[in-house]
Every structure is written in C-alpha cells, then in structure tokens.
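Note sheet for the following structure.
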Protein chains: 2
Amino acid sequence: MVKSKNTEEKILDSAREIFMMKGFEGARMQEIADHAGINKALLHYYFRSKEKLFASIFNKILSQIGPAMLTFINEEIPLEVKIWKFVDSYLELMKKFPRMPLFIINEISINPERIIGHLNFSDFLDLRKLEKILHDEHGKGRIIAVDVKHFIVNIIGLTVFPLAAKIIIQRNLQIQNDEWHQFIEERKKVIPETIMGWLKNMD
Amino acid sequence: MVKSKNTEEKILDSAREIFMMKGFEGARMQEIADHAGINKALLHYYFRSKEKLFASIFNKILSQIGPAMLTFINEEIPLEVKIWKFVDSYLELMKKFPRMPLFIINEISINPERIIGHLNFSDFLDLRKLEKILHDEHGKGRIIAVDVKHFIVNIIGLTVFPLAAKIIIQRNLQIQNDEWHQFIEERKKVIPETIMGWLKNMD
DNA sequence: ATTTGATTTAACTAAACGGTCAAAATTAGA
DNA sequence: TCTAATTTTGACCGTTTAGTTAAATCAAAT
C-alpha cells in the first residue's frame with residue numbers, strides 16, 4: 001500500500017510555499033499543515049521533522065534549477081545566443097517561483113552546513129569548457145580576454161539580482177506590479193547586450 | 001542621568017551581529033544578551049521588545065548605506081569615474097559587514113510592512129538627474145540610449161550580487177577565503193568596464 | 001463480513017521563547 | 001554620608017513551538 005500521493009504532494013507544495021515565504025526559521029509546521037488542509041500530526045507522519053521536511057523541498061528545488069539552465073552551453077550557437085538562452089530559461093523558471101533565488105541564497109548563507117553536497121552547479125556548468133569557449137573567441141579576435149569567474153558572476157548577477165531584490169527595486173524605481181513582467185522581459189534583451197558590449201569593447 | 005552609553009552600544013553591536021547572522025526569526029534575545037555580556041532582562045530594559053530592538057539596528061544600518069554612496073552623482077567627473085566611485089564606496093562599506101546586503105534584501109522581502117518609510121534611495125539617488133546625465137551623454141554621441149532603470153539595476157546587481165551570494169560563489173568558483181578580497185578588488189575594475197562596454201557598444 | 005495494515009485525528013508533552021517583576025547593586029547629586 | 005534615581009540581576013510567567021501518542025478511520029485483500 002502506498003502513502004497517498006495526493007497528501008504527500010499537497011504537503012510538499014505547501015511546505016515549499018510557506019518555507020519560501022517565511023524562511024526556515026519563520027515557517028511554522030502548523031501553518032504548513034493548515035495550508036495543506038491536514039493535521040499537524042499527519043505532517044510529522046509523512047516527514048518526521050521540520051528539518052527533514054525542509055531538506056526534502058530544498059533538494060527538490062535545487063535539482064530543478066540545474067537542468068533548466070543546463071542545455072545552452074553545449075549547443076553550437078553563437079555566444080550571445082547562449083547567454084540569451086541562459087537568461088531566458090532562468091527568468092522563465094523563476095516566473096513560477098519568484099522568491100526562489102532569494103530563498104536559496106539566504107538559507108545557504110545562514111546555514112551552510114545543512115546544504116553541503118547539494119549545491120554545486122559544477123554538475124551542469126563546466127568551468128573549463130566555458131573557459132575554453134571564451135579563450136577561443138578571444139583567439140579569433142572576437143572578444144577581449146576576460147576572467148571566466150567574472151563572466152559567470154556578471155551574467156548571474158545581472159539575471160538573479162532583480163528577482164532577489166524585486167520588492168526594493170519595485171518600490172524605488174516605481175515599477176508597478178503590472179509593469180514588472182514587462183521589465184523582466186526587457187532584461188532578456190539588456191543582459192546579453194550588456195555582456196556582449198563588455199566582451200566586444202575593444203579600444 | 002544617562003543610560004550607560006557603553007551598555008546600549010554593546011547591545012546594538014551584538015544585536016546587529018546576531019540579527020545579520022541569523023535573521024529576525026532565527027535570532028534569539030538570549031543569544032544577543034549573551035553576546036553583549038548582559039542579562040536578558042537588561043536587554044528588555046533598554047529595548048522593550050525584539051521588534052523594537054530590530055527596528056533600531058535596521059534603521060541605523062539603512063541610514064548608513066545611503067550617504068556612503070551619495071557623493072558620486074553630483075561631482076563633475078566622467079561617467080565611468082562616477083560608476084567606479086559608487087562601486088568602490090559600496091564594496092568598501094560592505095567589507096565591514098559582508099552579510100549586510102543579503103540581510104537587508106531578505107528582511108524587507110519577508111516582511112515589507114515592517115519597513116515602510118525607511119527604504120527609499122530616492123533620498124540619495126535622484127532618478128531624474130541620472131536620467132538627464134545619460135540623456136546628455138547620448139546626445140553628445142558618447143553612449144547608446146539606455147533606460148535608466150536597467151542602468152541602475154545593472155550596476156547594483158553587478159555590485160551587490162557577489163556579496164549577497166558570497167558562499168555559493170566561493171564554493172562553486174572555488175575561491176578560497178584569502179582570495180576573496182582579491183576577487184572583490186577585481187570587481188572594482190570589471191564592473192565599470194562592463195557598464196561602459198555596454199554603453200559604448202555602438203555598432 | 002472480517003482482518004490487517006496504512007492513514008488521519010484530537011489531545012497531549014516538554015522545551016524554548018519573549019517578556020515581566022521585584023529585589024539588589026550601582027551611581028550621582030545634595 | 002545619605003538619598004533617590006538609575007542600572008543590573010535571578011527567578012519567574014504565559015505562550016508558542018516542534019514533536020508524540022493512542023485511538024479512530026479508512027481501504028483493500030481474504
């Protein structure tokens with residue numbers, strides 16, 4: 001006999017929702033149970049502790065991020081298109097779960113021990129390969145020489161920051177809720193332009 | 001008769017330390033008291049509640065950020081230098097409190113109501129003025145036409161993200177603790193280069 | 001229909017937490 | 001030195017929290 005798939009899924013969905021909204025410390029098992037429409041005891045019946053429940057949803061989330069951005073690097077397409085594909089797939093993924101980036105960064109920063117082993121994007125982001133691509137492009141005189149670390153931090157920073165700091169940006173740049181989607185769409189153009197402008201800035 | 005300045009300062013320092021490390025929900029009044037070397041009752045004697053103590057350090061922190069980055073915009077210096085000055089002053093300020101950016105973004109995102117009124121960088125960042133600068137530079141044919149919103153998000157994203165995601169970046173790009181300082185120094189060059197490359201990318 | 005195992009519930013526990021209180025200690029002015 | 005206000009403390013309180021337990025319900029197989 002299998003534990004009702006429905007109940008387990010309802011729990012995981014609710015846990016993700018509440019944990020993302022309040023963080024590990026701020027989340028309450030009672031609130032997760034309420035949100036799932038079940039008893040608190042049943043919550044502990046499925047996932048023995050808050051820590052284990054958190055680990056379940058956290059692993060699930062992390063395992064979804066990688067593959068969603070994996071594809072672009074191996075395809076035989078121009079560098080600019082690779083960047084666009086990365087930004088596009090990342091921003092599309094985050095439309096469903098806007099709080100995900102900030103949630104992940106924060107929980108890892110506050111409690112790195114809990115995470116060890118889970119998060120290495122080396123699984124889906126081959127540093128050496130990327131380094132080779134940049135090196136080759138530079139060899140062909142197409143781009144300036146850049147450090148792959150700054151290349152990655154630049155792209156991810158430009159992409160992730162506006163999502164993580166959404167509320168602050170909305171408040172200060174006065175972007176209404178209905179304009180936010182448009183702003184994110186614009187970034188799909190702006191980010192590749194920014195990176196390529198940098199790479200091609202050959203004075 | 002004045003409340004011992006020493007004790008109040010010790011409390012505020014400890015509170016900032018603990019709150020930044022664990023967040024509002026994760027922080028414990030007992031831990032803050034221990035860190036300050038005082039009794040928990042004394043903590044409540046100085047700051048009546050956890051909320052009020054948190055508000056005190058949060059306001060203090062926010063009021064320090066603005067002015068530290070204020071100066072650059074009004075000076076009669078080239079745009080690139082303005083950007084460099086902003087990045088430099090921001091990164092220097094964050095050397096003392098590396099967890100500050102993530103802390104601020106997270107607490108505001110989780111509980112925006114608590115913050116209302118505190119955070120508007122419109123006090124020190126005049127959007128219209130910046131817009132005029134970009135417009136004039138474009139008029140002189142020096143840069144492409146860009147949206148000031150993306151200009152700001154780009155600069156802040158490139159600057160703040162590596163600080164906020166420090167642990168994740170260190171793990172994945174294999175930057176040791178003693179190399180981190182060097183990496184941040186490098187970003188003072190990379191960020192202005194990235195932005196200016198973008199702005200001057202006139203095909 | 002009865003049995004067996006999985007699922008769900010209400011009621012409970014122990015510990016941790018923010019906060020209070022009254023008394024003790026300290027400080028500063030008269 | 002004495003007094004009065006401020007500062008500091010240990011002991012305490014009520015609530016909230018994650019987690020447990022034992023009984024009840026349900027579903028499927030015999």
Side-chain angles (χ1 to χ4, degrees), chain A residues 1-61 103 106-108 110-111 113-115, chain B residues 1-61 103 106-108 110-111 113-115:
Chain A
M1 191 168 280
V2 194
K3 289 176 183 176
S4 159
K5 193 104 195 175
N6 224 342
T7 301
E8 190 169 328
E9 257 173 31
K10 271 196 301 184
I11 292 176
L12 285 171
D13 285 351
S14 299
R16 192 198 53 227
E17 176 86 12
I18 305 296
F19 276 131
M20 275 198 189
M21 216 157 62
K22 310 265 179 98
F24 176 80
E25 288 286 351
R28 301 285 169 245
M29 292 298 268
Q30 185 63 59
E31 194 179 357
I32 294 172
D34 290 348
H35 190 278
I38 59 164
N39 198 289
K40 198 180 56 161
L42 190 57
L43 193 56
H44 280 90
Y45 173 74
Y46 276 86
F47 302 87
R48 277 213 279 274
S49 69
K50 191 182 181 183
E51 294 263 0
K52 289 205 169 100
L53 177 57
F54 182 84
S56 294
I57 67 117
F58 206 80
N59 289 347
K60 207 177 162 195
I61 287 173
F103 170 71
N106 197 250
E107 294 300 331
I108 291 177
I110 285 181
N111 198 342
E113 302 79 27
R114 189 162 46 200
I115 317 297
Chain B
M1 190 167 285
V2 195
K3 290 177 185 177
S4 159
K5 193 103 194 178
N6 224 342
T7 301
E8 190 170 328
E9 258 173 30
K10 270 197 300 184
I11 291 176
L12 284 171
D13 285 350
S14 300
R16 192 197 52 226
E17 177 86 13
I18 305 297
F19 275 132
M20 276 197 188
M21 215 157 63
K22 309 263 180 102
F24 177 81
E25 289 285 352
R28 301 286 167 246
M29 292 298 269
Q30 185 64 60
E31 193 179 356
I32 294 172
D34 290 348
H35 189 278
I38 59 164
N39 197 288
K40 198 179 59 163
L42 189 57
L43 192 56
H44 280 90
Y45 173 73
Y46 276 86
F47 301 87
R48 276 212 280 273
S49 69
K50 192 182 181 184
E51 295 262 0
K52 288 203 169 104
L53 176 58
F54 182 84
S56 294
I57 67 118
F58 207 80
N59 289 347
K60 207 178 162 195
I61 286 173
F103 170 70
N106 197 250
E107 293 301 331
I108 291 177
I110 284 181
N111 198 343
E113 301 79 27
R114 189 162 46 200
I115 316 299

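No hydrogens, no waters, no symmetry mates; every other heavy atom, side chains included, goes into these values. By convention in this document, chain letters (A, B, ...) are assigned in the order of the sequence lines, proteins followed by strands, and residues within each chain are numbered from 1.
- Following rounding to the nearest Å, B:Leu43 (CG) and C:dC17 (P) show an atom-to-atom distance of 14 Å.
- Contact check of residues 23-31 of chain A against DNA chain D (heavy atom, cut-off under 4.0 Å) returns A:Ala27, A:Arg28, A:Met29.
- Expressed to the nearest 0.5 Å, how far CZ of B:Phe47 lies from CG of B:Leu42 amounts to 10.5 Å.
- No side-chain heavy atom of A:Tyr46 sits less than 4.5 Å from a side-chain heavy atom of A:Leu53.
- Computed from coordinates, the B:Lys40 NZ to C:dC21 P distance equals 14 Å when rounded to whole Å.
- Computed from coordinates, the A:Leu42 CG to C:dA10 P distance equals 11 Å when rounded to whole Å.
- Every residue two or more places apart in sequence or in another chain was checked for a salt bridge (Lys or Arg N to Asp or Glu O under 4.0 Å) with B:Arg48, and none qualifies.
- Rounded to whole Å, atom P of C:dT7 lies 4 Å from atom OH of A:Tyr45.
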Protein-nucleotides 22-24 of chain C N/O pairs closer than 3.5 Å?
none

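- Aromatic pair A:Phe19/A:Phe54: centroids less than 6.0 angstrom apart.
- In the interface, the side chain of A:Lys50 is not paired with the base of D:dG19 through any donor and acceptor atom under 3.5 Å apart.
- Separating the CG atom of B:Leu53 from the P atom of C:dG19 is a distance of 10 Å, rounded to the nearest angstrom.
- Ranking D:dT6, D:dG10, C:dT8 by closeness to the B:Asn39 side chain, first place goes to D:dG10.
- Taking side-chain N and O atoms only, A:Tyr46 has a distance below 4.0 Å to OP1 or OP2 of C:dT8.
- Every residue two or more places apart in sequence or in another chain that forms a side chain to side chain contact (heavy atoms under 4.5 Å, CB included) with A:Asp13 is listed here: A:Arg16.
- Distance A:His44 NE2 to C:dA10 C1': 15 Å, rounded to the nearest Å.
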Please set out all donor-acceptor pairs under 3.5 angstrom arising from side-chain atoms of residues 20-28 of chain B, sequence neighbours excluded.
unit_1, atom_1, unit_2, atom_2, d
B:Lys22, NZ, B:Glu31, OE1, 3.0
B:Lys22, NZ, B:Glu31, OE2, 3.0
B:Glu25, OE1, A:Arg28, NH2, 3.4
B:Arg28, NH1, B:Glu25, O, 3.0
B:Arg28, NH2, A:Glu25, OE1, 3.3

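- Per the geometry, CD belonging to B:Glu51 stands 13 Å off C1' belonging to C:dG19, to the nearest Å.
- Residues passing the salt bridge (Lys or Arg N to Asp or Glu O under 4.0 Å) test with A:Glu107 are A:Arg114, sequence neighbours excluded.
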Name each donor-acceptor pair under 3.5 Å that joins a side chain in residues 32-41 of chain A to protein atoms two or more places apart or in another chain, with its distance.
unit_1, atom_1, unit_2, atom_2, d
A:Asp34, OD1, A:Gln30, NE2, 3.0
A:His35, ND1, A:Ser14, OG, 2.8
A:Asn39, OD1, A:Ala41, N, 2.8

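- In this structure, CZ of A:Arg48 is placed 12 Å from P of D:dT21, rounded to the nearest angstrom.
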Open item on the list: What verdict does the side-chain contact (heavy atoms from CB on, under 4.5 Å) test give for A:Ile108 and A:Phe58, after you've listed the backbone C-alpha separation in whole Å, the side-chain angles of each residue and the deciding distance to 0.1 Å?
Closed with: CA-CA 10 Å; A:Ile108 291 177; A:Phe58 206 80; 3.9 Å; yes

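- The phosphate of D:dT7 (OP1 or OP2) has no side-chain N or O of B:Thr7 nearer than 4.0 angstrom.
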